[in-house]
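Throughout, numbering of the chain's residues begins at 1 and tracks the sequence. Note that the coordinates shown come from a computational prediction; the quantities given were computed from them, not determined experimentally. Just so you know, ligand 1 is whichever comes first in the structure, and atom 1 is the first atom listed for that ligand.
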Amino acid sequence: MPEKQGNLSINSENIFPIIKKWLYSDHDIFYRELISNGCDAITKLKKLDVMGEFEIPEDTEFKIQVTVDPDEKTISFKDNGIGMTFEELDEYINQIAFSGAKDFLEKYKDKTNEDQIIGHFGLGFYSSFMVADKVSIDTKSYRADAPAVHWESDGGQEFAMAEGSKEDFGTEITLYLNEDSLEFANEYKAREVIEKYCSFMPVNIFLNKANAPQEYETIDVSEVTEKDVVVETTIEEAKTEERENENGEKEIVEISPRKELAKINKRPVPLNDVHPLWTKHPNECTDEEYKKFYRTVFNDYKEPLFWIHLNMDYPFNLKGILYFPKIGSQYESIEGTIKLYNSQVFVADNIKEVIPEFLMLLKGVIDCPDLPLNVSRSALQNDGFVKKISDYITKKVADKLTGMYKVEKENYEKYWDDLSPFIKFGYIRDEKFEDKIKDCILFKNLEGRYLTLAECLEENKEAHENTVFYVTDEKAQSQYINMFKEAGIDAVILTHTIDSPFISHVEQKNENVHFLRIDTDLDSAFKEETGEEEKESLSKMTDKLTETFRKALGDDKLEVKVEKLKNSSIASVVTSSEDSRRMQDMMKMYSMGDMNMDMFGASESLVLNANHPLVTYVLEHEDSEDTSIFCEQLYDLALLSHGSLSPERMSKFIARTNDVMLKLAE
Ligand SMILES: Nc1ncnc2c1ncn2[C@@H]1O[C@H](COP(=O)(O)OP(=O)(O)OP(=O)(O)O)[C@@H](O)[C@H]1O
């Protein structure tokens with residue numbers, strides 16, 4: 001065999017600093033690249049066997065063996081795949097692998113943002129130089145007549161290759177780590193990285209540490225296979241116990257039989273699952289398997305609500321499982337994770353160019369071998385193919401939900417509280433999803449029944465046409481809820497942060513429909529019908545009480561309304577204008593709380609019930625010495641039932657209440 005030395009130098013002298021910078025956040029990627037090269041080499045050999053060009057020896061067990069050696073500061077990756085001849089190695093490694101790195105550099109030389117590169121596919125073998133000063137390859141082709149080859153390169157600039165000594169077919173790549181990268185030879189680190197990238201690769205991956213002491217396990221002799229190395233066999237005598245039988249006599253019973261045990265070298269356990277659940281046909285998967293897969297992949301011990309198994313072959317290849325997680329409480333983060341794979345090789349989490357943003361609230365895996373992953377994010381955004389994938393996933397999710405709504409309404413309602421933030425987010429963000437799902441959005445009413453928007457409007461069309469009253473905080477708005485219930489008026493519960501943008505969106509899409517918070521201007525249903533004369537007298541009362549309350553509270557902007565409420569036990573309530581409240585909420589959301597809210601008009605009004613004796617008392621005693629106490633107290637009580645008092649008002653309210661009680665005690 002000829003020997004060969006050469007120069008691998010790539011035009012740029014600075015290739016290392018540049019590549020290192022780009023890959024800085026995921027330096028560990030070389031594990032994925034070298035292991036997936038090994039998987040490819042094994043897959044190729046299996047294909048040759050199917051094509052009849054090679055016969056796989058009977059005792060072959062395909063695997064990738066990773067060995068870390070912290071003492072020698074090396075990591076080796078050994079596969080029993082197709083291997084390379086001298087010429088192939090020269091072509092694939094000296095030319096292609098290095099030209100791959102060169103292409104990579106060319107493509108991205110003007111881009112400084114590492115975020116623009118997805119997956120880093122295309123860097124392959126060359127990535128080993130990110131962590132190693134020296135790399136060697138020992139390979140032997142599957143072709144019986146091809147001699148083994150040894151290749152090595154110091155620093156990735158020059159190489160030397162010559163006949164090697166490897167005896168069996170396959171490839172072993174050894175990395176001599178640089179001082180900055182020694183952590184990768186740590187067994188636990190290695191395990192962590194392999195589990196991150198290679199958990200579902202299609203060939204068994206084993207990890208061991210060089211010179212680690214042999215570990216053993218004990219099994220029943222009947223379970224020993226040809227592959228086991230038996231160190232010793234032992235007999236465990238039967239265990240017996242004296243027990244009383246049903247006739248009250250004592251007898252000896254065997255509680256465990258005599259066993260013949262074998263101590264064997266610990267059987268290696270692969271780090272990966274070569275047949276992840278998504279690769280199976282949905283008909284072959286059980287609920288228990290789906291749940292177990294969810295637990296292992298997402299470390300979430302709360303059971304998912306349900307899942308969708310995606311399985312598409314045409315016009316593109318896409319498989320995956322999307323889980324709808326159970327949301328613990330509304331305060332818990334509902335951020336999900338969608339893991340993207342390319343032929344069982346992990347690429348990245350949550351690539352928003354491929355997966356619609358609202359689906360990121362779910363948890364799931366998607367494997368798409370056809371995805372162009374070696375291009376920049378901006379290119380992915382404009383890629384029609386990626387758009388198709390994204391549309392397909394959206395359609396599948398919408399179909400599942402609408403199907404459930406139609407066929408399993410009871411379950412759908414049961415899951416609604418968990419599903420609702422996700423569905424509402426999708427409804428706002430994705431027009432296609434909105435189109436499909438809009439008639440399956442539910443609203444929980446005061447009785448706890450679930451209604452669609454159309455049903456809500458229909459049920460309440462006599463009492464308040466095209467208006468939906470809603471509650472955002474069941475505790476703070478309980479007084480209003482009671483008033484509504486007494487008056488036989490319905491409202492819906494919308495307590496999630498997504499609900500505020502959600503109702504605005506519903507209003508935009510349904511021009512006539514309005515949502516009013518339950519504490520907005522009181523509906524006529526709560527008021528007594530008033531004739532013209534009474535209206536005039538109420539208006540006079542309003543003027544008078546406005547003056548009295550403004551003076552007592554020292555607030556000359558206070559909006560006061562006087563009404564005859566049917567519920568005579570209520571003296572005062574605060575109502576707020578829907579529009580200005582929404583505007584204020586929006587300001588808060590965008591942290592513009594400092595802005596002067598007066599520009600949006602008065603948001604709150606004090607409504608006094610002319611049917612309540614305390615109100616009539618104030619009306620008749622505007623100049624009495626205690627009037628201001630009545631005014632302050634009525635206002636604070638109204639505010640309290642509307643929400644809460646400011647700390648300053650609260651202290652004054654407590655002191656004043658004590659004074660009032662003292663007076664009563666006198
Ligand atoms: N373990 C191996 N066994 C056999 N051939 C290999 C092995 N590793 C690399 N090769 C050969 O070297 C070539 C270059 O490898 P490299 O990892 O740089 O790029 P790639 O695998 O083709 O593409 P990618 O960038 O997707 O990894 C491979 O195409 C393959 O032919």
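At least one N or O atom of N37, backbone or side chain, sits closer than 3.5 Å to an N or O atom of ligand 1. The distance criterion of under 3.5 Å between nitrogen or oxygen atoms is met by D79 with respect to ligand 1. Inclusion of F125 in the set of residues having an N or O under 3.5 Å from an N or O of ligand 1 is warranted.
Of the heavy atoms in D40, none comes closer than 4.0 Å to ligand 1. Residue contacts with ligand 1 for E88 are absent, since no atom lies close enough (heavy atoms, distance under 4.0 Å). Contacts between K44 and ligand 1 below 4.0 angstrom, taking non-hydrogen atoms only, involve the side chain exclusively.
Relative to the six-membered ring of F169, K140 misses at least one condition, a distance below 6.0 Å or an angle of at most 45° to the axis. The side-chain tip of K363 does not point at the ring of Y323 from less than 6.0 angstrom away and within 45° of straight on.
A donor-acceptor pair under 3.5 Å links the side-chain atoms of N186 to the main chain of K189, judged by distance alone. The backbone N or O of K63 lies less than 3.5 Å from no partner atom in the side chain of N204, so there is not a single donor-acceptor pair. A donor-acceptor pair is defined here as one N or O able to donate and one able to accept, closer than 3.5 Å; such a pair exists between the side chain of T279 and the backbone of P276.
For ligand 1, the atoms lying closer than 4.0 Å to a non-hydrogen atom of I93 are 12 (O). In summary, the atoms of ligand 1 found under 4.0 Å from a heavy atom of E33, numbered by their order in the structure, are 27 (O).
A pairwise comparison of heavy atoms in H309 and L277 identifies CE1-O, 3.6 Å as the closest pair.
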